[in-house]
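Shown next, in structure tokens, is the structure this report addresses.
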Protein chains: 2
Amino acid sequence: MEDSAASKRSVTVADVAKAAKVSKATAARVLGGYGVVSDEIKDRVMAAAAALEYRPNELARSMSTGRSGIIGVVVGDIENAFFSLAVRGISDAARLAGYNVIIANSGEKLDAEKSAVDLLIGKRVDGLIVTPARCDGMGHLQDVRRAGVPLVLFDRSIPELGVDAVTGDDRDAAITATRYMVDQGHRHLAYVSAMDDEGGGLIDTGRISNSAVRERVEGFVSVLKEAGLPHPLHSVRFGATDQQQTDSVVRRLLSEASPPTALLASDSLVGLRIFRSLQSLGLSIPRDVSMISFLDADWTSVTVPPITVIDQHVYDMGKLAGERLVARIERTPLAAERLRVGTSLVVRGSVAAPGG
Amino acid sequence: MEDSAASKRSVTVADVAKAAKVSKATAARVLGGYGVVSDEIKDRVMAAAAALEYRPNELARSMSTGRSGIIGVVVGDIENAFFSLAVRGISDAARLAGYNVIIANSGEKLDAEKSAVDLLIGKRVDGLIVTPARCDGMGHLQDVRRAGVPLVLFDRSIPELGVDAVTGDDRDAAITATRYMVDQGHRHLAYVSAMDDEGGGLIDTGRISNSAVRERVEGFVSVLKEAGLPHPLHSVRFGATDQQQTDSVVRRLLSEASPPTALLASDSLVGLRIFRSLQSLGLSIPRDVSMISFLDADWTSVTVPPITVIDQHVYDMGKLAGERLVARIERTPLAAERLRVGTSLVVRGSVAAPGG
DNA sequence: ATATGTCGTGAGACCGGTCTCTTTATATAT
DNA sequence: ATATATAAAGAGACCGGTCTCACGACATAT
């Protein structure tokens, strides 16, 4: 249809300059919107650019300016509503400041995260937001700092790194939720997370490599202790990574001598899996078992009963992380800080007094 | 802590070459992994690179090779499960072929889509996957072709463009779902979509600018006609863009002289909103109203009753689009084609005979 | 002993922008 | 009329890679 033989080389400032009969420098000035040019010549160059369908090569531009206008985001799993909402918050903040976002998935695997970070630094992103899979083994993140690329951690913090981190107030959220269930009369509770079970039972909460999970567990445990309930650490279970694993975790929990009557799910995916497990075991919520889930995911409001959740204000978290990174990129002098976004308990119908 | 004064200029091949006492060309050969170099020198360069913590500048690399290794994706709304699942499919296909993915959101707005496409072309992506907000007004997409950037449309097709498109089999899916409801005895049905209502009633289905929506409507209408049911076009309703709008659409539908007894939702967001609307009106599904939703979203299986859905195999669609684009980028000779991914009806509990 | 070929390395152009420095033209001051 | 300031345009280096080409060393063929 179009006669234009299949895509020649693209049109450059030099081409436009030639067509407008000015120097390359002058054409570049009007096309790049910097420096001073007379109106007459400006018009001529613009006309030539339009005629030739000139499109600036951002790559070349980035190379000489040293800025790419891109911020890189490494998340655990885009499919998780937590992250897709966060990404929207980040994107909105970025766009507002004139930046674009490039997303990479780590699948919560340390080596994938490492190579994603490497790649993004190679692409010369102006800044990086990372959800570290683990809070130890952070060599690659120190490299980021050393490379001079601004970095903001998301959802999890690593104090030793000395960089900004935007997280939820996980300990407080866990305390609120746990206390709510204890106040309803529950004496046997369990916390269930999707984290890989790193070899058997949990002895020391300090060992948990993910700070968000650690703080939630600490909050959960502290309430149990405060209430004088037995075996608080025994009540923390990992490994709910898929439906099958979750089924087995739940089944094991409920077949114990004194089974839990209330479950706290560490994210909406785990929450959904637990809901299904209980359903398939023929148990009624909240009559047989009560539950609370982190994250106000869409499904939680349409189940029967609707699920009581901890709203983490994830969009705000993302937006804050984006804004913070932009500030860092633009050299606003700020001390490395941990920014906590508050949470709120959304009471719906999944918690009742035990043995009702 | 680190003495390294805040991020000097980054290490380049020239720096490594100097340290290894070889020419820039030679250092580039081993660092870039091309050409021939003796083992001895290779080792020397690698050692120097490691000592200096050399990181290749992908920007510079892209500029001289002309390939960026990035494919751009423009979606309607990342937060929509449809798109996040598709993005995962695309990403997986891309990663497998050695490409990375950069995502931009159009919010289903034509001008945002246009500027996103412009931006990505400026970044010299190797290829583009776009979910066109409208199937008319496609000037910017013709530009893509003219710029010589491979393009694959996603979810919606524009035959006039002459490019590949990966879509679901929307007409067939709508026919299957509608027929299923008709077979259950429904005589009054309605199709509800989130598309902006472009001024009043629908006269001509050919006017719908989104091919996926158009084909679904056509399928829906064809079944109604085939079954000899009245006013098929009157039963198509747009504008379910948020909960409030959906409430009003549903309320209006149900307050008609002969209200529909079965609803078909054009995506899982609309489905969820309809579910909530019906719930808040105190109507029981499927006793009072039956419904089917497009997309097997996670919430659809945990409601009471669970929702009968059309599974669009979105991950496969994404993967196919990614693979197709890679083939195009790598100049595999292929005719422009429309690839349809089949759908399947997942029967759960949201459809029953009317007036039960 | 000379011609031919191969291998490893170095020199330098190139990609397409930005940006500094220099030159030229015009206006204002002395 | 000459000196000085200022605005507008041009020349060319530079960013950090890739890649072509030229060159020298050594091996093999004649």
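Heavy atoms only: backbone and side chains are in, while hydrogens, waters and symmetry mates are out. Chain identifiers are assigned alphabetically (A, B, ...) following the order of the sequence lines, protein sequences preceding nucleic acid strands; residue numbering begins at 1 within each chain.
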**Study point:** Side-chain heavy-atom pair Asp77(A), Glu108(A) within 4.5 angstrom cut-off
**Key:** no

Review point. Of the nucleotides dG10(C), dA9(D), dG10(D), which one has an atom closest to the side chain of Ser23(B)?
Key: dG10(C)

Exercise for review: Starting from P on dC15(D), measure out to CG on Asp15(B) and report it in whole angstrom.
Suggested key: 10 Å

Check your understanding: When all nucleic acid strands are considered with a 4.0 Å heavy-atom cut-off, which category describes Val30(B): base, sugar-phosphate, or nothing?
Key -> nothing

Practice item. Identify which nucleotide among dA11(C), dG10(D), dC15(D) has an atom closest to any side-chain atom of Ser64(A), counting heavy atoms from C-beta outward. Key: dC15(D)

Check your understanding: Rounded to the nearest Å, what distance is computed from the CE atom of residue Met63(B) to the C1' atom of nucleotide dC15(C)?
Key -> 5 Å

Point to revise | Whole-Å distance separating the CG atom of Leu59(A) from the P atom of dG17(D) | key: 13 Å

Check your understanding: Can you check whether Ser38(A) has a side-chain N or O nearer than 4.0 Å to OP1 or OP2 of dA9(D)?
Key -> yes

**Study point:** Side chain of Val36(B) (C-beta onward), nearest among dT9(C), dT18(D), dG8(C)
**Key:** dG8(C)

Review point. How many angstroms lie between CD1 in Ile129(B) and CG in Leu325(B), if you round to the nearest 0.5 Å?
Key: 5.0 Å

Check your understanding: Hey, are the side chains of Ile121(B) and Arg55(A) touching, using non-hydrogen atoms and a 4.5 Å cut-off?
Key -> yes

**Study point:** Which nucleotide in dG16(C), dG10(C), dG10(D) has an atom nearest any side-chain atom of Arg29(B)
**Key:** dG10(C)

Review point. Got Phe83(B) and Ile78(B) here, is their nearest side-chain heavy-atom distance under 4.5 Å?
Key: no

Review point. For Asp39(A) and dA7(D), what is the distance between atoms CG and P respectively, to the nearest whole Å?
Key: 14 Å

Practice item. Can you tell me the distance, in whole Å, between the CD atom of Glu58(B) and the P atom of dG16(D)? Key: 14 Å

Practice item. Quick one: label Ile41(A) by what it contacts on the DNA or RNA (base, sugar-phosphate, nothing), any heavy atom closer than 4.0 Å. Key: sugar-phosphate

Point to revise | Per Val37(A) side chain, nearest of listed nucleotides dA9(D), dT9(C), dC19(D) | key: dA9(D)

Check your understanding: Is any side-chain N or O of Lys24(B) under 3.5 Å from a base N or O of dG16(D), one able to act as donor and the other as acceptor?
Key -> no

Practice item. Check every strand shown and say whether Val11(B) touches a base, only sugar-phosphate, or nothing at a heavy-atom separation below 4.0 Å. Key: sugar-phosphate

Review point. Picking from dG8(C), dG16(D), dT18(C), which would you name as closest to the side chain of Ala60(B)?
Key: dG16(D)

Point to revise | Test item: side-chain donor near acceptor, Arg338(B) and Thr167(B), under 3.5 Å | key: yes

Check your understanding: Hey, does Leu31(B) reach any base, or is it just sugar-phosphate, or nothing, if we go heavy atoms under 4.0 Å?
Key -> nothing

Revision key, fill the gap. With the side chain defined as heavy atoms from C-beta on, Tyr34(B) is closest, among dT9(C), dT18(D), dA9(D), to dT18(D)

Point to revise | Proximity to the side chain of Asn57(B) - top-ranked nucleotide from dT9(C), dG17(D), dG17(C) | key: dG17(D)

Review point. In whole Å, what is the span from the NZ atom of Lys21(B) to the P atom of dT9(C)?
Key: 16 Å

Practice item. Side-chain contact test, heavy atoms from C-beta onward, threshold under 4.5 Å: evaluate it for Val73(A) versus Phe154(A) and give yes or no. Key: no

**Study point:** base_contact_polar (dG16(C) base, Arg124(B) side chain, donor-acceptor, <3.5 Å)
**Key:** no

